[in-house]
Number of protein chains: 2
Amino acid sequence: MVERSDPKDRLFRLFALLRLIPREPGRISTPELYDKLKAQGFDMTRRTLQRDLNVKLSAEFPLLSHEEGNTNYWSFSKHAPHWDFPSPDLPVALAFLLAESHLEKLLPQGLLQLLEPYFEQARAQLEIQQHMPPARWAKRVRALPNGKTLLPAKVDSAIWTTVSTALLKGHSLRVTYLSRSKQQPSEMTLHPAGLVARHSQSYLLARVEGYNDVRQFALHRIQQATALEAPAEIPDDFDIDHYLQGSLNNPAPAEMVELVADVSPQIAWLLRETPLSTEQSLEPLEGTDWHRLRAMVPDDKETLWWVFGLGENVRVWEPNVWVKIIKEKIAKLEKLYV
Amino acid sequence: MVERSDPKDRLFRLFALLRLIPREPGRISTPELYDKLKAQGFDMTRRTLQRDLNVKLSAEFPLLSHEEGNTNYWSFSKHAPHWDFPSPDLPVALAFLLAESHLEKLLPQGLLQLLEPYFEQARAQLEIQQHMPPARWAKRVRALPNGKTLLPAKVDSAIWTTVSTALLKGHSLRVTYLSRSKQQPSEMTLHPAGLVARHSQSYLLARVEGYNDVRQFALHRIQQATALEAPAEIPDDFDIDHYLQGSLNNPAPAEMVELVADVSPQIAWLLRETPLSTEQSLEPLEGTDWHRLRAMVPDDKETLWWVFGLGENVRVWEPNVWVKIIKEKIAKLEKLYV
DNA sequence: CCTCATGCGACACCAACTGACGCATCCCCA
DNA sequence: TGGGGATGCGTCAGTTGGTGTCGCATGAGG
């Protein structure tokens, strides 16, 4: 990303400058900006930089300057429109909006908020580029939620910001956490080691101060978070994939099993268009219009639920454990519904 | 989106200029650019514009100029990095990457490709902003697929581009389509009326030339597409929501029913964190640790499947139809698994 | 073949960008 | 409490470089 830019070029310097300024909760001081620009090979006086900020940019862009003592801090207004180029064309903008409606069901609210400027821009592009007044995209495009998905847990956008920054910068973290077992929230210091998004929930992997093992903390149960100065100390041998494999709470997600089952024609059609996995085979069964399905799938509860949900449209043969579980389920269900 | 910009300001003019230039498959001529800038209130000579493009911009940005006859056409190189500001900070960049890993399971390949520059930029930001060499995000963040999701059907990115543009601009379309019932692909002219994304598949709603009714066409079964000049002629009274309600293939997605059921403690916990719907209540049942669930859910097959998949952890009471279906399912399953 | 539109080199003018200097303010540390 | 250092900003002079004008070459269309 080292830009070529003759050090002399003014225009380019302003571009680089704008890119260094963060959005509102964040801010950056003039001297800091100066150093970073210098580091990128731009050569100018401090005075010039000050002038750029004061005169040129804040006149044209929604920049906020916050004076603190002697130094000026700069940030983009929270509602500053998003500028980018190449700007999204129609197909890209539409892709964004479809993505948004899917993500609503997957990402916690706070996270989605952070992406909002992008969706906003996509909407704006569609409005602009469409010369025909009647042909409004809103009237023509729908994304239907997948019925079965649950709504994601709510995560405060500020908490996400603090936590993810601490994780990536390697800082430790002071949090107020409502653990699943306890009723009362408790305060503790965490040393973040990783982040896992799973089932519309996100978990922070971290070591609690005073303990040695890494545990997981649901983001939506963190009620307060403050970044600390102290660097995060995590076990040297920590490896996220290894942890995920071995963690008990997270039933080994990476483990795959071969699913062998007979499926009804409708399900066969469904699976042919949207396969269960990249390696999947469907072969017609003799003497019937059913198909024999083989696919590698994760050996977890969700997949089993999904298969079981198909009910009488699927007859599972492998793995054996599943067959057993299903039979038990049927027996229990019978009792339940008398 | 009318920019304030004193007509005189150069910096702002260049921004506006850059935003007008499309990415590679698209292109725009100098005179066209001139008109658009004029329309936005920028005042300058043609000569100035030419200089901007030739001298300033193409020196600093990966711009392609294509001379055709007398006129110059401009576009961004296909691999031009994405510029934007405020540029994504750490939390936003991370949000993008989580979004990506989720979308991989939901959006057709071709669509995702269009968003690639954004993800790319997010990755770049993470690399840059992270001073600590060992703390690479890739080692610390994982998104685990939801076991139950199916893989999206493949849609060619060029086809998506053509189809979505035609839809939004109101052009008709010549396609080669492999229909579900026929073995051989056939060619036809479509008049696009809408687009529906559902269950990791996307459908174009369109009228076939020579017929009067609007039907749906799975994007991944369109093998070829060319935009035509002729405007799309769709029935005046076409209304996408109405269509979706009435369409037989798409069992009325908007219809909601109240689900009443008893759920086991584990499921209660799950639902408390990731609710089934925004309005949902969970009340403890006397004499047991189960809970009574009430929620408004879509009355479709997927939701029913999902509920049924929970098996003996749920006892459904309402809607009555579901109870009836579940009982039948149990009976059929019993036969299947002897 | 004529006309019109576009691109571009050259030139001259002037706006504005830049560095230098100096002063006021504030922080921090002794 | 006082002094050193850093930051912000007003001012000024020099010069860079952005701008319009003009003219010519080239290619498209009638």
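Protein chains get the first letters and strands the later ones, always in sequence-line order, with residue 1 at the start of each.
A donor N or O paired with an acceptor N or O is found under 3.5 Å between the base of C/dG19 and the side-chain atoms of A/Arg51.
Aromatic pair B/Phe42/B/Phe15: centroids not less than 6.0 angstrom apart.
Separating the CG atom of B/Asp52 from the P atom of C/dC8 is a distance of 13 Å, rounded to the nearest angstrom. For A/Leu11 and C/dT18, the CG to C1' distance is 16 Å, given to the nearest whole Å. At whole-Å resolution of the value, CZ in A/Arg46 and P in D/dA6 are 8 Å apart. Here C/dT18 presents its P atom at 12 Å from CG of A/Leu17, a figure rounded to the nearest Å. Atom CZ in A/Phe12 sits about 16 Å away from atom P in D/dG17, given to the nearest Å. If you measure from atom CG of A/Leu14 to atom P of D/dG18, you get 12 Å, rounded to the nearest angstrom. To the nearest angstrom, P of D/dG8 lies 8 Å from CD of A/Glu67. Note: CZ (A/Arg10) to P (C/dG19) measures 11 Å, nearest angstrom.
Considering only the side chain of B/Arg47, C/dG9 comes nearest among D/dG20, C/dG9, D/dC9. Ranking D/dT19, D/dG27, C/dC8 by closeness to the B/Asn54 side chain, first place goes to C/dC8. Comparing C/dT18, C/dC8, D/dG8 by their closest approach to the side chain of A/Gln50 singles out D/dG8. Side chain of A/Asn70, nearest nucleotide from D/dC9, C/dC26, D/dG20: C/dC26.
One finds a salt bridge joining A/Glu116 and A/Arg123 here, because a Lys/Arg side-chain nitrogen approaches an Asp/Glu carboxylate oxygen to under 4.0 Å.
Side-chain contact annotation: B/Thr176 with B/Gln224, donor-acceptor N/O pair under 3.5 Å present.
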Report the C-alpha separation of B/Arg174 and B/Glu209 in whole Å, then their side-chain angles, then the decisive distance to 0.1 Å, and conclude whether the salt bridge (Lys or Arg N to Asp or Glu O under 4.0 Å) test is met. CA-CA 10 Å; B/Arg174 185 90 190 148; B/Glu209 184 128 299; over 6 Å; no
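B/Ser29 comes within 4.0 angstrom of nothing in the nucleic acid, heavy atoms only.
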